[in-house]
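Structure first, then comments.
Convention: sequence-line order gives letters A, B, ...; per-chain numbering from 1. Quick note: numbers below take in every heavy atom, side chains included, and nothing from hydrogens, waters or symmetry partners. Just so it is clear, the structure is predicted and the values come from calculations on it, not from any experiment.
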Amino acid sequence: MNLPLQSLRTKTKLLSSPLQQIQPIKWNIQLRELSKPGQYQQAITLYRQMLRSGATPNAFTFPFILKSSAALSLPVSGAQIHCHVIKSGCQSEPFVQTALITMYCKCWSPDTAYKLFDESPKSWELTVCYNALISGYVQDSQFSNGLLLFREMRSRGVAFNAVTVLGLVPGCTVPTHLELGMSLHCSSLKCGLNSDLAVANCFLTMYVRCAAFELARKLFDEIPMKELITWNAMISGCAQNGLGTEVLDLYRDMELSGMQPDAVTFVGVLSSCANLGAQKVGIEVEEKIKRYGLKFNRFLKNALINMYARCGNLTRAQAIFDEMPERNLVSWTAIISGYGMHGHGEIAVELFDEMIKAGIQPDRTVFVSVLSACSHAGLTKKGIDYFDSMETNYGLKPGSEHYSCIVDLLGRAGRLQEAHKLIESMPMEPDGPVWGALLGACKIHKNVELAELAFTKVVNLEPTNIGYYVLLSNIYTMAGDLEGVMRIRVMMRERGLKKDPGYSYVEYKGTTHLFVAGDRKHPQIKNIYTMLAELEELVKEDSGLLKEERNDQAIAGVHSERLAIAFALLNSDDLGKDILVIKNLRICGDCHVFIKSVSKILDCKFVVRDATRFHHFKCGECSCKDYW
DNA sequence: CTAGGGTTAG
């Protein structure tokens, strides 16, 4: 009696599924294999095949496919899958719910995820749901919501674990949240979570990013079995905070400990080489990159371009840039700022235009590079045009960093009143660098009155930045206002500010030699001073330039760069060929006059790097367009 | 066959 019906069933089954894959379990098992890093796209393709074949996804299918969709951050396909979930009536299955919540969290909709969670408050696996939500909010830069959930979780008596901490702590990587992060660290220790290396790495990242280096170091030293990520967290954190020498030390320690660095390590090390101007180390790293087969890594290529440009080797930076098959915004920014720093503003703006033609959308950072390139090269009109185009053509609101570029640009061109007016018209509160740029321009154009105004503002904002005191003092000296110089000195003493000893360093034959003004620790110091005395004599005879020497030393101290130059000349084999890069944070007028003169007398080249750019000295001229 | 995590550039 049942026979006809049964045969009908068999027939339908065969018809609708010629490959006999109607059973979801087979698909599910394949999906499980594919929902792993690197294969998520294939998992999605497989899911589509599954639907086309007529198989119905079930409660085991959805967690896998939602995970893949979440990992690729595909909100559209995620929402589609959500529809399939409802269609197949799986929406109240616990694992499916959790997977849905996770998917929405990873697709930047933590609010949707929270609604799902809130509408169906079930008792299962609350920890997992909370973990997903907390990390979702934190990664969507809604740290306070993440924290709120964490507190709710605790007040409901839901247990938290390592994953909770890993979700929440990345929100504590700004100094304002450090204390909170530290209390989290304490609770984690009490719960015995410190044995989880990922948790330790996470807190380590928090400490270095908050510039709490003693705490970071302590934690780092306490980790007995350091993983690659532990080293990387420490190295990148220090690199991002400008602790270049610490990074190079860590890198050596890492190699000594036998741990193999990877691309992430090299990125941090190269960025520190760029900051320090340590080209020799940078070259070694490039060799290693080749040896490890990482030379096609784009992160590393950009880091190399930046490193060479900031070590003064523009040729090599350009070569790497040219070899790149695909350049992104970061590559263009690195090469543009490289040319800008070396005073080649024309090339920088050409490259910028070329980048726009190539269809790359500029961002605020690349505008900082191109604007400062214009300002260093005296391309006033061009710079103003770019500044105006930011908002009109690209919808980018200028920030105070762009305003300070334009103030610098107008200021160098002598348009001080315009620069002042621009500051007054800023939509946001002007910060230290903005007023500082005006102050610097006042020095170039000898405007004491405006300088005093700018100084009052900037010192109010950055009371401990000694550079600004030195700047105004130099302006007073130039104007012959010795009373003013005294006033500044008294002000500094009252505020407990000591003049920082200017320092310079030279990388010579792979070692960095540091010279602090007045320091006599260098092994060759006797010869250096003899050489320096000779040089100063020659320069005086040459043009009498040093007679104009102003009494800057009162505050700025003895010139450290002269020691560096004397050292280099003492050790140089071939003056004409050697290009020497000297790093000096603050270059003053006397420094310019002296180096120009030496380069003329001895017919040699010098490259000097200050905080923002390079000065190329040759035959008594300097590449920078400043009016010292 | 079932969910949640730490380190990359200008």
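Taking atom CD1 on A:Ile25 and atom P on B:dT2, their separation rounds to 10 Å, with Å as the unit. In this structure, A:Tyr104 atom OH and B:dA3 atom P are separated by 19 Å, rounded to whole Å. Remark: C1' of B:dG5 and OH of A:Tyr130 are 19 Å apart, rounded to the nearest angstrom. Nucleotide B:dG10 holds its C1' atom 14 Å from the CG atom of A:Leu351, rounded to whole Å. Between the CZ atom of A:Arg364 and the C1' atom of B:dG10 there is a distance of 15 Å, given to the nearest Å. Going from atom CG of A:Leu304 over to atom P of B:dG10 covers 12 Å, rounded to whole Å. Taking atom CG of residue A:Leu270 and atom P of nucleotide B:dT7, one finds them 20 Å apart after rounding to whole Å. Put simply, CG on A:Leu197 is 14 Å from P on B:dT7, counting in whole angstrom units.
Between the side chains of A:Tyr339 and A:His376, no donor N or O sits under 3.5 Å from an acceptor N or O. Judged by distance alone, the side chains of A:Asp140 and A:Asn145 never bring a donor and an acceptor atom under 3.5 Å apart.
The A:Ser236 side chain lies nearest to B:dT7 when the options are B:dG4, B:dT7, B:dC1. With B:dT2, B:dA9, B:dA3 as the candidates, the nucleotide lying closest to the side chain of A:Val128 is B:dA3. For A:Arg32, the side-chain atoms get nearest to B:dC1 when compared with the rest of B:dG5, B:dC1, B:dG10. Relative to the side chain of A:Thr205, the nucleotides B:dT7, B:dG10, B:dG4 differ in distance, and B:dT7 lies closest. Considering only side-chain atoms of A:Lys106, the nucleotide from B:dG5, B:dA9, B:dT7 that sits closest is B:dG5. Nearest nucleotide to the A:Thr127 side chain, out of B:dG4, B:dA3, B:dG10: B:dG4. Among B:dG10, B:dG4, B:dA9, the nucleotide with an atom closest to any side-chain atom of A:Lys67 is B:dG4.
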Exercise. Dump the intermediate steps for salt bridge (charged side-chain N to carboxylate O under 4.0 Å, His left out) on A:Glu391 and A:Arg364, then the final yes or no.
Key: CA-CA 10 Å; A:Glu391 196 153 9; A:Arg364 295 158 53 115; over 6 Å; no
Quiz item: So A:Arg613 and A:Asp610, salt bridge (charged side-chain N to carboxylate O under 4.0 Å, His left out) or not? Walk me through it.
Solution: CA-CA 6 Å; A:Arg613 63 196 198 278; A:Asp610 70 12; 3.6 Å; yes
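Contact annotation: A:Arg209 side-chain N/O to B:dT8 OP1/OP2 distance is under 4.0 Å. Taking only side-chain nitrogens and oxygens, A:Gln97 never comes nearer than 4.0 Å to OP1 or OP2 of B:dT2. Taking 4.0 angstrom as the limit, A:Gln240 places a side-chain polar atom (N or O) nearer than this to OP1 or OP2 of B:dT8. The shortest distance between the side-chain N/O atoms of A:Asn306 and the OP1/OP2 oxygens of B:dG10 is below 4.0 Å.
Counting distance only, with no hydrogens placed and no angle test, the side-chain atoms of A:Asp363 and the base atoms of B:dG10 include a donor-acceptor pair under 3.5 Å.
Both cation-pi conditions hold for A:Arg327 and A:Phe321: the charged atom is under 6.0 angstrom from the six-membered ring centre and inside a 45 degree cone around its axis.
Side-chain atoms of A:Asn241 come within 3.5 Å of backbone atoms of A:Val208 as a donor-acceptor pair (strictly under, hydrogens ignored).
Within residues 314-334 of chain A, the residues approached by DNA chain B to less than 4.0 Å at the level of any non-hydrogen atom are A:Asn328, A:Leu329, A:Val330, A:Thr333, in residue-number order. Contacts between residues 252-268 of chain A and DNA chain B, counted as heavy-atom distances below 4.0 Å, involve A:Val264, A:Val267.
When each of A:Tyr137, A:Phe117, A:Phe150, A:Phe160 is paired with A:Tyr130, the ring-ring contact (aromatic ring centres under 6.0 Å, His included) condition holds for A:Phe117 and for no other. Checking each of A:Leu116, A:Leu66, A:Asp111 against A:Tyr104 for a side chain to side chain contact (heavy atoms under 4.5 Å, CB included) leaves exactly one that passes, namely A:Leu116.
Applying the side-chain hydrogen bond (donor to acceptor under 3.5 Å, both in side chains) rule to pairs touching residues 288-297 of chain A yields A:Glu255-A:Lys288, sequence neighbours excluded.
Put simply, OG on A:Ser400 and CG on A:Asp431 are 3.5 Å apart, with the number rounded to the nearest 0.5 Å.
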